[in-house]
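What follows is a set of notes on a single structure, which appears directly below.
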Amino acid sequence: MQMPHQKLFIGGGYQDATSGETFETVNPATGKVIAHVQHAGPEDVDRAVGSARAGFEVWRAMSGAERGRVLNRAVALLRDRNEELARLEVLDTGKPLQEAIAVDVLSGADAVEYYAGLAATIHGETFQLANAWIYTRREPLGVCAGIGAWNYPLQIACWKSAPALACGNSMVFKPAELTPLSALKLAEIYSEAGLPDGVFNVVQGDHRTGEALVAHRGVAKVSLTGEVGTGKLVMANAAATLKNVTLELGGKSPLIIFDDADLDNAVSAALMANFYTQGEVCSNGTRVFVHEEIHDEFIDRLVTRTSKMKIGDPMDPETHVGALISAEHLEKVMSYIEAGKAAGAKVVIGGGRPSDPSLANGFFVEPTVFDACTDDMKIVREEIFGPVMAVLTFRDEADVVARANDTDYGLAAGVFTKDVQRAHRVVARLEAGTTWINNYNITPIEMPFGGYKQSGIGRENSLTTINHYTQVKSVYVEMGDVEAPY
Ligand code: TXE
């Protein structure tokens, strides 16, 4: 079933791009084209930014409470259409339906609801002086650009637009070109909820469209989710107009399992931290450090449970492991698997493509566990962004902390132990922005999410993010006379 041409969403409705260029989006599970999508050229980006500017003037004039009401109506629509939107997300991403229904749409709705509730609370401060006083205003930035990655298209669109809009900004959002569909549905929902025209716009396209947005003088802030290399390009490009940037980038996060850990929970976390969404999760704990005392038992239980995971048609509610995003990404993941074998790491399960002929046209790979890995291996040092786990052993706390921190990445980390002092001591030493004790990859909206080191700048979610979508204006109010020496 091919969808109609997908247009841009600008000024409260669908508009044709003037670029005359289109691109295809493909269903990763079948390799079949789902839709043709219009590519936004520089003129289209300019039009979208202009529309966002006009929308901003209307939206910023509304009270926080009024903005919150509009956003809450959008929350209800997102939740009502959870299954429909989840199915669209599965079509475009190849992830299992059970995940999309349980997480993708609802976590997006949670973000919109959270910031809808905060919209009326955004405030300044006052400072009393002898003959004057100061107040501050926490004001919106203006037109914000959101640039998404392909692993959680709708969630990322909500994680960026919700705080931006709640703070009174408008947004031009560019989804990843591999997953262009669900952001358009979000734009429809925002409009249906009463969002003024132009406050949320969607432009489609590849890095060229992203570059045009980042360079545009009418854009005050850029929030990117993507690879580290893209983050560096965006930051460099944004520097020309000193834009405010938030960067949510890649990771190669450690999961440390001490010998006193609850082993079943630790195995559950290792599975979730490596095979959820076919391993295409930036915060995944892909370097699993297991204390040598429990290594063999851990591997036995891990292999047993991995062998029961169902790889298959993502639309089948029983499926645990869907398809990778593209043929190109499948090739990249398979090349890492070959590199791991060549480096002498031991494949204890997986290591290839599923043999089921019904999956041959899709971009499927088996959940793969490498054991006996060493810190210098390519599969241990580089982000694979696929279902490939590297297991390493350790004996000593200081040693494992040093090895865990031996990376340019710093997105996330996890620690499993029953020793509460050790847990907090180790977490304090880990160079990562988002960490877990005795769980992994749980991201409630109340929790700041983001990286240390080259995994990013700024945070998403939580109260903290209000600071990334507002600016502080100081107002000095003179209560007396102006003193002047002349
Ligand atoms: O990223 P890309 P992908 C990371 C994840 C992995 C990557 C996968 O770790 O590394 O994202 O996503 C646009 N100027 N995260 O392959 O290629 C591009 O069109 C402006 C981290 O999509 O970097 C796309 O829309 N824009 C994360 C977007 O950037 C440019 C969560 C990302 O593309 C551009 C999810 C340019 N020069 C994935 N080049 C987290 N930390 O939260 C490309 N783009």
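Each residue takes its place number in the sequence, starting with 1. In listed order, ligands and their atoms are each counted from 1.
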### Message
Given F275, which partner from the list E366, M389, R305, H320 fulfils the side-chain contact (heavy atoms from CB on, under 4.5 Å) test?
### Response
M389
Counting from 1, what ligand 1 atoms have a heavy atom of [X] closer than 4.0 Å?
| X | value |
| --- | --- |
| G148 | 24 (C), 25 (O), 28 (C), 32 (C) |
| L411 | 41 (N) |
| G250 | 9 (O) |
| K174 | 18 (C), 19 (O), 24 (C), 25 (O) |
| L224 | 28 (C), 29 (O) |
| T225 | 21 (C), 27 (C), 28 (C), 31 (C), 32 (C), 35 (C), 38 (C), 40 (C), 42 (O) |
| E177 | 18 (C), 19 (O), 24 (C), 25 (O) |
| V234 | 14 (N), 20 (C) |

#### Entry: side chain to side chain donor-acceptor pair (under 3.5 Å) assessment of K252 paired with T407
CA-CA 8 Å; K252 191 72 186 181; T407 170; over 6 Å; no
### Query
Between I122 and I466, is any pair of side-chain heavy atoms under 4.5 Å apart?
yes
### Query
Do the side chains of Y276 and E99 get nearer than 4.5 Å, heavy atoms only?
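The answer is yes, as the side chains (C-beta and beyond) meet within the 4.5 Å cut-off.
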Say you draw a straight line from [atom1] of [X] to [atom2] of [Y]; how long is it, rounded to the nearest 0.5 Å?
| X | Y | atom1 | atom2 | answer |
| --- | --- | --- | --- | --- |
| L224 | T246 | CG | OG1 | 10.0 Å |
| L184 | L8 | CG | CG | 8.0 Å |
| S283 | W436 | OG | CH2 | 4.5 Å |

Under 4.0 Å, heavy atoms only, figure out whether ligand 1 is touched by the backbone of [X], its side chain, both or neither.
| X | value |
| --- | --- |
| E460 | neither |
| I147 | side chain |
| E280 | neither |

### Query
Should Y152 be listed as contacting ligand 1, given a heavy-atom distance under 4.0 Å as the test?
no
I want to confirm something. Looking only at heavy atoms, which of [options] is nearest to [atom]?
| atom | options | answer |
| --- | --- | --- |
| atom 42 (O) of ligand 1 | Q155, H207, E248, K232 | E248 |
| atom 37 (N) of ligand 1 | E227, E211, Q204, K252 | E211 |
| atom 38 (C) of ligand 1 | W150, F173, F385 | F385 |

### Task
Considering only NZ, NE, NH1 and NH2 on the basic side and carboxylate oxygens on the acidic side, decide whether R79 and E113 come within less than 4.0 Å.
yes
Provide, to 0.1 Å, the distance between [atom] and the closest protein heavy atom, together with that atom's residue and name.
| atom | value |
| --- | --- |
| atom 4 (C) of ligand 1 | G226 O, 3.2 Å |
| atom 26 (N) of ligand 1 | G210 CA, 3.6 Å |
| atom 41 (N) of ligand 1 | L249 O, 2.6 Å |
| atom 30 (C) of ligand 1 | T230 CG2, 3.7 Å |
| atom 10 (O) of ligand 1 | E383 OE1, 2.7 Å |
| atom 40 (C) of ligand 1 | C282 SG, 3.0 Å |

### Message
For a side chain to side chain donor-acceptor pair (under 3.5 Å) check, start with the C-alpha distance between T22 and Q38, then their side-chain angles and the critical distance, and finish with the verdict.
### Response
CA-CA 4 Å; T22 64; Q38 296 183 358; over 6 Å; no
Would you confirm whether the ring centroid of [Y] sits within less than 6.0 angstrom of the ring centroid of [X]?
| X | Y | value |
| --- | --- | --- |
| Y190 | F200 | yes |
| F385 | W150 | yes |
| W159 | F449 | yes |

### Message
Can a side-chain donor-acceptor contact be found between S462 and E446 if the only test is distance below 3.5 angstrom?
### Response
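Looking only at side-chain atoms, S462 and E446 do not form any donor-acceptor pair under 3.5 Å.
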